[in-house]
Engineer: 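One structure is given below, represented as C-alpha cells, and several questions about it will come after.
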2 protein chains.
Amino acid sequence: MVRKSKGLGDRHKKILAFLKAYQEREGYPPTIREIGEETDISSTSVVNYYLDQLEKMGKIERQRKISRGVRLANVSPLGEMLKIPVAGRIVAGEPIPVPSSDFSYFDAETSVDIARSFLPSDKNDELFALEVEGESMIDAMVNDGDIVIMKSTGAEQTKNGDMVAVWLPERDETTLKYFFKEKEGYRLQPANPTMEPIIVGKEESLEIKGKVVMVIRQVQKTVI
Amino acid sequence: MVRKSKGLGDRHKKILAFLKAYQEREGYPPTIREIGEETDISSTSVVNYYLDQLEKMGKIERQRKISRGVRLANVSPLGEMLKIPVAGRIVAGEPIPVPSSDFSYFDAETSVDIARSFLPSDKNDELFALEVEGESMIDAMVNDGDIVIMKSTGAEQTKNGDMVAVWLPERDETTLKYFFKEKEGYRLQPANPTMEPIIVGKEESLEIKGKVVMVIRQVQKTVI
DNA sequence: ATAATACTCGAACATGCGTTCTGCGTCAAG
DNA sequence: CTTGACGCAGAACGCATGTTCGAGTATTAT
C-alpha cells in the first residue's frame with residue numbers, strides 16, 4: 001500500500017485501460033465482474049468502489065442499474081465518429097444537391113465517417129458531403145472523386161475568404177471558390193492564384209449552398 | 001403481411017438502424033427488450049427471432065448468454081477509428097521524416113484519427129501521416145497545411161501509377177508524384193497534366209518513402 | 001493507544017436480461 | 001380441407017450482473 005487518495009492509483013489506471021481495450025475489442029463495455037477478474041480484484045464491491053471514484057473524478061460515466069452501463073467519459077457520447085450524409089455529387093454543370101429537409105436521418109450506405117477531432121466542435125449537424133465529379137474544380141485543388149465536406153449556410157453567414165460552393169443559375173455553373181463580397185457584387189476567387197477570378201455583378205443571381213470545411217481525397221491506384 | 005422470407009424486411013431494417021443509432025448514442029448495445037420497444041415488437045421472443053435471422057444473414061454478431069451481446073457485423077471490432085502517427089512535416093527542400101523504428105507506439109497528440117471505412121481493410125499498420133509545409137506540391141493538388149496519409153513502402157513494392165513521396169538526394173528535393181518506372185530510369189509525373197514530368201536517370205539515386213493513400217485538407221477561414 | 005480513514009473481501013440480494021415454451025392467426029402448397 | 005412454414009405475443013424460467021451490507025486490515029492522524 002503506497003499511495004493514498006491522490007490522483008489516479010494503479011488500479012484506477014488499470015481499470016481505465018481495460019475499459020478501453022475491452023470496448024474496442026468486443027464492441028461493448030465489460031461487466032463489473034469482468035473488470036474485477038482482469039484487474040485482480042476479487043470482489044465486485046471493490047470494483048464498484050473504484051468505479052464510483054472514477055465517476056466522481058469525471059473519468060467515466062455510469063448508467064446505474066443497467067448491465068455494462070459504463071463508458072469512458074472523454075469519448076463523446078455520440079461516438080468519436082461523426083456520420084455525415086452524402087447528399088450527392090457536385091458537377092460543374094449542375095446545381096448542387098442539398099440534403100433533404102429531414103437532416104437527421106439518412107442511410108448508412110450514403111454517409112462518410114469523420115473523426116470529431118477534425119471538425120470544429122460546435123454545430124456538427126448542418127454538415128453534409130458531396131462527391132466531386134469531373135475535373136472542373138481543379139483550380140480549387142479539388143479533383144474528380146474527392147469528397148468535400150460542407151457546412152450548410154446561406155449568403156448572409158458567409159464571410160469574406162470562406163471557400164464556398166456556389167451555383168450561378170444564369171450561367172448554369174457550379175463552382176468552388178473563395179468568396180469575397182465587393183461593392184459591385186461578388187468576386188469568386190480560385191484557389192489557384194494564377195487563375196482569374198469570376199466577377200458576379202449585383203444584378204446576377206448567386207446561390208451559396210455551403211461552406212467547404214474539409215476535402216478528402218482517397219488516392220487509389222490512380223493510373224494516369 | 002406482405003413480405004415473405006426474402007431479403008431484409010421492414011423490421012430487419014428498423015432493428016439494424018436502431019442497433020447502430022443506440023450504439024452511437026449510448027456507447028453500448030441495447031437489450032432485446034429495448035430493441036423491441038423501439039421497433040414496436042411487443043415480445044422479446046420475436047426480437048430474438050429476428051436477431052437470429054440477422055445473424056444468419058451475417059448482418060450482426062451475437063455473443064450468446066451475455067447481456068447486450070449484439071453488434072453490427074460490418075463495423076470492425078477493433079474500433080472504427082484508426083490512429084495514425086504524424087511523423088512530421090513534408091517540405092520540398094528536406095528529406096521526408098519516417099516514423100521511428102517502433103512503429104506501434106506513438107503519442108496521442110501527434111496522431112490523426114481516420115475512419116477505417118476510408119482505408120483498405122488489409123495492413124493498417126505501416127501507415128503514417130505527414131503535414132505538408134509550403135506550397136511546393138500544388139502540382140500534386142496538395143497544399144500547405146494538408147495532411148497526407150502514407151503507406152510505408154520501398155521502391156520494390158511500388159507499382160506504376162502509384163502516387164509516392166520521393167526524396168531525390170542529388171537535388172535535395174522532396175516531391176509527391178505519380179511514379180512510373182521506365183527503361184532509362186524513372187518518370188515522376190505531376191498530377192497536373194499541364195506540368196512537365198521529372199525524369200530521373202538510372203544513375204541518379206531516388207528514395208521512395210511511401211505511397212500516398214489519402215489526402216486531407218481542413219479548410220479553415222483561409223484568407224487569401 | 002485510540003480513532004478515523006482508506007481499502008479490501010465475501011456473500012447475500014434484487015433485478016436486468018437472454019432463453020425457451022406454448023399458443024394463435026395467416027397464408028401457400030398438397 | 002389439412003398441413004406446415006412463417007410471423008407474432010405473452011409468460012415463465014434462470015443465469016448474468018449491478019447493489020448493498022457486515023466485517024476485517026492497513027495506514028495515518030489525534
Side-chain angles (χ1 to χ4, degrees), chain A residues 1-19 21-23 25-57 59-73, chain B residues 1-19 21-23 25-57 59-73:
Chain A
M1 303 307 101
V2 193
R3 62 170 15 272
K4 285 292 164 189
S5 69
K6 209 154 202 128
L8 286 199
D10 208 44
R11 285 192 159 168
H12 295 114
K13 285 184 198 165
K14 263 173 111 172
I15 290 177
L16 248 20
F18 178 61
L19 242 36
Y22 190 101
Q23 170 73 48
R25 176 159 41 89
E26 303 293 340
Y28 43 78
T31 67
I32 287 192
R33 274 163 247 264
E34 283 171 325
I35 299 174
E37 224 170 289
E38 186 73 11
T39 52
D40 300 313
I41 298 176
S42 66
S43 174
T44 57
S45 62
V46 178
V47 175
N48 188 57
Y49 174 68
Y50 279 102
L51 252 25
D52 274 344
Q53 293 191 349
L54 286 169
E55 189 182 24
K56 276 204 191 68
M57 296 183 209
K59 296 291 184 182
I60 62 173
E61 286 170 28
R62 301 185 71 183
Q63 306 290 318
R64 297 315 176 109
K65 299 277 188 183
I66 82 172
S67 44
R68 300 170 190 271
V70 209
R71 70 173 171 219
L72 281 309
Chain B
M1 298 313 97
V2 192
R3 61 169 20 274
K4 287 289 168 195
S5 71
K6 211 157 201 124
L8 287 200
D10 208 44
R11 288 197 155 165
H12 295 112
K13 285 184 197 165
K14 263 173 112 173
I15 290 176
L16 248 20
F18 177 63
L19 242 37
Y22 190 102
Q23 171 74 46
R25 177 159 41 90
E26 303 293 340
Y28 43 79
T31 67
I32 286 193
R33 275 164 246 265
E34 284 170 325
I35 298 174
E37 225 170 290
E38 187 72 12
T39 52
D40 300 313
I41 299 176
S42 68
S43 175
T44 57
S45 63
V46 178
V47 176
N48 187 58
Y49 173 68
Y50 279 104
L51 253 25
D52 274 344
Q53 293 189 350
L54 285 169
E55 189 182 22
K56 276 204 191 65
M57 298 183 207
K59 295 291 184 181
I60 62 173
E61 288 171 26
R62 300 185 73 183
Q63 306 290 315
R64 297 315 178 110
K65 299 277 187 186
I66 82 171
S67 42
R68 299 167 190 275
V70 207
R71 70 174 172 219
L72 281 308

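Excluded from the calculations below are hydrogen atoms, water molecules and symmetry mates; all remaining heavy atoms, backbone and side chain alike, are included. What you are looking at is a predicted structure, and each value in this text was computed from that prediction instead of being measured. In what follows, every chain begins at residue 1, and chains take the letters A, B, ... in the order their sequences are listed.
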Engineer: Test salt bridge (charged side-chain N to carboxylate O under 4.0 Å, His left out) on A:Asp52 and A:Arg62 and set out the steps.
Structural biologist: CA-CA 9 Å; A:Asp52 274 344; A:Arg62 301 185 71 183; 3.0 Å; yes
Engineer: State whether the number of non-hydrogen atoms from other residues, nucleotides or ligands found under 6.0 Å of B:Glu37 atom CD is greater than 12.
Structural biologist: no
Engineer: With a 4.0 Å cutoff (strictly under), does any side-chain N or O of A:Gln53 reach OP1 or OP2 of C:dA6?
Structural biologist: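 So the side chain of A:Gln53 is outside the cut-off, no N or O lying under 4.0 Å from OP1 or OP2 of C:dA6.
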Engineer: Check step by step if salt bridge (charged side-chain N to carboxylate O under 4.0 Å, His left out) holds for A:Glu26 and B:Arg68.
Structural biologist: CA-CA 11 Å; A:Glu26 303 293 340; B:Arg68 299 167 190 275; over 6 Å; no
Engineer: Check every strand shown and say whether B:Gln63 touches a base, only sugar-phosphate, or nothing at a heavy-atom separation below 4.0 Å.
Structural biologist: nothing
Engineer: Among the candidates D:dA9, D:dT20, C:dC7, find the nucleotide nearest to the side-chain atoms of B:Ser42.
Structural biologist: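 Nearest listed nucleotide: D:dA9.
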Engineer: Would you indicate what A:Glu34 reaches in the nucleic acid, counting non-hydrogen atoms under 4.0 angstrom: base, sugar-phosphate, or nothing?
Structural biologist: nothing
Engineer: Check whether any side-chain heavy atom of A:Ile32 lies under 4.5 Å from a side-chain heavy atom of A:Val70, and answer yes or no.
Structural biologist: no
Engineer: Closest nucleotide of DNA chain D for B:Ile41 versus for A:Arg33: which of these residues is on the 5' side?
Structural biologist: B:Ile41
Engineer: Compare the minimum distances between each of C:dA11, D:dG18, C:dG18 and the side chain of B:Ile32, then state the nucleotide with the smallest one.
Structural biologist: C:dG18
Engineer: Applying side-chain contact (heavy atoms from CB on, under 4.5 Å), run through B:Arg11 and B:Gln53 and close with a yes or a no.
Structural biologist: CA-CA 11 Å; B:Arg11 288 197 155 165; B:Gln53 293 189 350; over 6 Å; no
Engineer: Could you work out which one of D:dT19, C:dC17, C:dC9 sits closest to the side chain of A:Lys65?
Structural biologist: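 It is D:dT19.
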Engineer: If you compare every side-chain N and O of A:Ser67 against the phosphate oxygens of C:dC17 (OP1, OP2), does one of them come in below 4.0 Å?
Structural biologist: yes
Engineer: For A:Ile35 and C:dC9, what is the distance between atoms CD1 and C1' respectively, to the nearest whole Å?
Structural biologist: 17 Å
Engineer: A:Tyr28 has an atom OH; how far is it from atom P of D:dG18, in whole Å?
Structural biologist: 13 Å
Engineer: In terms of side-chain heavy atoms of A:Tyr49, which of D:dT17, D:dA9, C:dA6 is nearest?
Structural biologist: C:dA6
Engineer: C:dT19, OP1 or OP2 - any side-chain N/O from B:Arg64 closer than 4.0 Å?
Structural biologist: yes
Engineer: Would you check, one step at a time, whether the test side-chain contact (heavy atoms from CB on, under 4.5 Å) holds for A:Tyr28 with B:Gln63?
Structural biologist: CA-CA 11 Å; A:Tyr28 43 78; B:Gln63 306 290 315; 2.8 Å; yes
Engineer: Send over the distance from B:Ile60 CD1 to C:dG18 P, rounded to a whole Å.
Structural biologist: 12 Å
Engineer: Can you tell me how far P of D:dT17 sits from CG of A:Leu51, to the nearest Å?
Structural biologist: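 Going from A:Leu51 (CG) to D:dT17 (P), I get 15 Å.
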Engineer: With DNA chain D as reference, determine whether B:Ser43 or A:Thr31 sits nearer its 5' end, using the nearest nucleotide of each.
Structural biologist: B:Ser43
Engineer: For the pair made of CG in B:Asp10 and C1' in D:dC6, what is the distance, rounded to whole Å?
Structural biologist: 17 Å
Engineer: Starting at the 5' end of DNA chain C, which residue's closest nucleotide do you reach first, B:Ile66 or A:Thr44?
Structural biologist: A:Thr44
Engineer: Any side-chain N or O of B:Arg62 under 4.0 Å from OP1/OP2 of C:dT19?
Structural biologist: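 For B:Arg62, the contact criterion (side-chain N or O under 4.0 Å from OP1 or OP2 of C:dT19) is met.
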Engineer: Can you measure A:Asp40 atom CG to C:dG10 atom C1' for me and round it to whole angstrom units?
Structural biologist: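 A:Asp40 atom CG is separated from C:dG10 atom C1' by 17 Å.
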Engineer: Out of D:dT17, C:dC9, D:dT19, which nucleotide sits closest to the side chain of A:Asn48?
Structural biologist: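 It is D:dT19.
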Engineer: D:dA9, C:dC17, D:dT20: which one has an atom nearest the side-chain heavy atoms of A:Ser45?
Structural biologist: D:dT20
